[in-house]
Amino acid sequence: MEDREQLLTPRSEEARLNGLCRWSAHTQGLQAKVVEDFRRRLKYFFMNPCEKYKARGRKPWKLMLQILKIAIITVQLVSFGLSNEMMVTFKDENLMTFRHLFLKGYKDHRVGSYALYTKDDVYDHIYYIINTYTNLQNLTVGNLAYEMVDGEYTALSVCQEFYRNSSIDPGNETFDINPHIEKGIKVKTLVFCARLVRAPPANVCFVCQCRLLSVSVNLTLKTINLQTVRHHELPDCYDFHIMITFDNRAHSGKIKVDVKNDVRIYECRDWNVEGTSDENDYLLLSFDSVVILACFASLILCTRSVVNGIQLQFEFNTFFHAYYNKIVSWSDRMEFVNGWYILIIVSDTLTIAGSALKIGIQTKYLTNYDVCSILLGTATMLVWVGVIRYLGFFKKYNILILTLRAAFPNVIRFCCCAAMIYLGYCFCGWIVLGPHHDKFRTLDKVTECLFSLINGDDMYATFLKMRDNSYMVWLFSRLYLYSFISLFIYMVLSLFIALITDTYETIKHHQQEKVPVSQLQAFIAECRDQPESGRYQTDEDSASCCVSPCCCFG
């Protein structure tokens with residue numbers, strides 16, 4: 001009996017061990033299959049549309065939609081650009097017309113330098129503006145007309161701004177001033193801010209020139225932009241709110257004169273163009289609606305792809321922690337967030353908003369040409385930049401994208417450091433050279449001038465302008481300009497170029513040696529299955545349990 005028990009015990013133990021070995025081998029085989037399936041799933045995720053089509057036969061709808069989008073958005077931008085160009089040209093030419101009509105003796109080459117220096121000139125120009133306004137229909141060759149409100153012509157108005165009280169005696173070096181600004185006229189002066197239509201006043205007087213800040217003449221004129229008829233577009237009606245300003249705020253004896261206009265565009269009330277109809281407007285509105293629908297579909301598809309990438313990123317992080325007990329770096333995790341899709345989403349959003357504004361402009365409910373131009377222009381730029389993504393499917397073109405992506409963090413850090421030196425030179429040049437040089441007069445001019453110097457523009461003119469100043473300022477300007485140019489051209493720019501060149505050489509070396517540059521790429525590179533192998537056909541639900549405890553730990 002004891003012998004039998006001794007014989008049975010080893011046999012039972014042997015059977016148990018054999019069962020454990022078979023179970024362990026089965027579990028290891030299952031885990032190896034899960035790892036391989038998940039690796040294949042990752043490789044499929046990072047394939048380009050052509051490879052995905054070969055792997056599973058999925059048609060590249062996003063690719064075809066993006067190509068269609070490039071075409072229709074470009075056509076839309078060209079159409080809007082031509083219309084916008086006519087509007088801007090019409091506004092600029094009318095502004096030039098107003099300057100020639102209302103500024104006495106105005107010449108085109110005197111733009112920005114028109115000024116008066118005597119009282120008689122100021123009064124003479126005020127009278128000239130009023131007389132021109134009252135006789136406008138007999139003077140202008142354009143289709144200008146007065147504005148009418150409730151059956152009456154809108155009057156021209158002349159207003160002045162002045163200090164409430166002031167007493168200035170430069171001879172005795174004394175002054176007494178109340179800096180509170182008032183509009184209108186002081187007591188004992190003639191009527192000001194008066195409404196004038198057909199005849200100028202017999203006499204117009206200003207407050208004392210020591211108190212006077214500015215005089216503005218305001219008037220409104222109406223016109224119609226007829227040049228759009230030649231381009232099969234309905235003409236728009238324009239209201240030009242013109243303000244002619246005599247600026248005496250500097251109290252330097254020089255009164256600067258400027259003409260500004262605020263434009264309101266709207267649909268004409270009654271129109272008739274022979275041989276035309278509303279068909280062109282309906283076609284444009286339909287085309288804009290197609291652009292909005294295409295961008296909305298692209299927005300949904302790209303958003304879905306971004307969400308899928310984020311979900312797969314979490315699965316990969318959990319998988320690596322469960323199987324290899326390693327933490328995935330942020331650079332590897334960001335590989336799942338496709339920056340091109342983010343670019344397309346931003347572009348689609350801007351295009352939808354810009355197209356909606358364009359529809360509002362075409363229907364004359366809105367006149368925000370500038371906002372619409374910014375939205376559509378930026379969207380089209382991003383769309384064409386996104387074409388680089390499809391060129392990146394070819395290895396010879398892909399090196400540009402890889403270099404830009406790899407060099408971007410180092411470039412940003414380098415620019416932050418260089419910006420500190422640049423701002424230091426900007427503030428120094430502004431405060432020291434500003435009183436002696438036009439290019440350093442304001443802080444924004446300083447930044448533009450120094451940036452131009454970095455690129456080698458207008459160097460000699462900048463040096464030459466400082467020769468007429470005092471010796472101390474001249475000597476400082478030389479030290480300032482020579483040190484800035486030497487530092488930024490010979491050192492900062494050279495280091496900047498070297499930074500990008502070094503990144504390019506590194507990427508080129510990795511491509512030639514075919515060395516994976518990240519943990520994620522090394523993991524995917526172990527999958528040798530080609531897109532044409534057919535191994536990706538049944539991969540839809542594989543690896544779905546790879547992060548569950550039963551699959552990971554048996």
Side-chain angles (χ1 to χ4, degrees), residues 34-67 69 294-324 326-350 382-383 385-393 398 401-402 404-406 408-409 516-527 529 531 535-548 551-552:
V34 170
V35 172
E36 186 63 27
D37 289 343
F38 188 64
R39 184 181 285 115
R40 192 179 299 112
R41 182 183 174 194
L42 291 175
K43 185 174 182 179
Y44 176 80
F45 177 79
F46 288 102
M47 286 180 181
N48 61 51
C50 297
E51 292 175 341
K52 288 183 177 180
Y53 178 75
K54 295 177 182 179
R56 292 185 181 174
R58 284 188 176 180
K59 294 181 175 58
W61 296 112
K62 286 197 295 292
L63 175 60
M64 292 187 289
L65 182 59
Q66 298 308 316
I67 295 174
K69 237 177 56 180
C295 291
F296 188 72
S298 173
L299 180 65
I300 293 176
L301 292 175
C302 292
T303 303
R304 188 191 67 173
S305 298
V306 171
V307 172
N308 292 337
I310 294 175
Q311 292 177 348
L312 188 58
Q313 176 254 127
F314 283 112
E315 292 183 23
F316 177 71
N317 185 45
T318 306
F319 171 85
F320 236 69
H321 181 70
Y323 275 82
Y324 300 102
K326 293 182 179 180
I327 301 299
V328 181
S329 63
W330 273 105
S331 60
D332 285 348
R333 298 181 70 171
M334 292 304 296
E335 290 284 337
F336 291 90
V337 181
N338 195 323
W340 295 111
Y341 288 153
I342 303 296
L343 185 72
I344 293 173
I345 290 173
V346 174
S347 173
D348 291 337
T349 304
L350 295 177
L382 296 179
V383 166
V385 170
V387 176
I388 301 177
R389 172 176 181 258
Y390 306 112
L391 294 177
F393 296 156
N398 194 39
I401 303 173
L402 295 177
L404 292 175
R405 184 172 61 183
F408 184 75
V517 295
S518 66
Q519 194 177 36
L520 172 63
Q521 293 179 8
F523 178 76
I524 297 176
E526 296 181 15
C527 180
D529 298 332
R535 300 291 301 276
Y536 299 91
Q537 296 291 339
T538 58
D539 239 7
E540 293 288 344
D541 299 324
S542 64
S544 60
C545 66
C546 67
V547 296
S548 63
C551 289
C552 294

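- Looking only at side-chain heavy atoms (C-beta outward), K69 and D348 come within less than 4.5 Å of each other.
- Contact between G309 and F336 at its shortest, heavy atoms only, is O-CB, 3.4 Å.
- Inter-residue side-chain proximity for N338 and V306 is flagged as unmet; no heavy-atom pair is nearer than 4.5 Å.
- S347 contributes no side-chain N or O that, together with a main-chain N or O of L343, makes up a donor-acceptor pair within less than 3.5 Å.
- Atom-to-atom distance recorded for S305:OG and I342:CD1 is 10.5 Å, nearest 0.5 angstrom.
- The backbone N or O of Q313 lies less than 3.5 Å from no partner atom in the side chain of N317, so there is not a single donor-acceptor pair.
- Closest non-hydrogen pair, W340 versus G386, comes out as CZ3-CA, 3.9 Å.
- Of the residues listed (S298, C295, C302), the one engaging I345 in a side chain to side chain contact (heavy atoms under 4.5 Å, CB included) is C302, and it is the only one.
- Annotation: the span from Y341 atom OH to N308 atom CG amounts to 9.5 Å, rounded to 0.5 Å.
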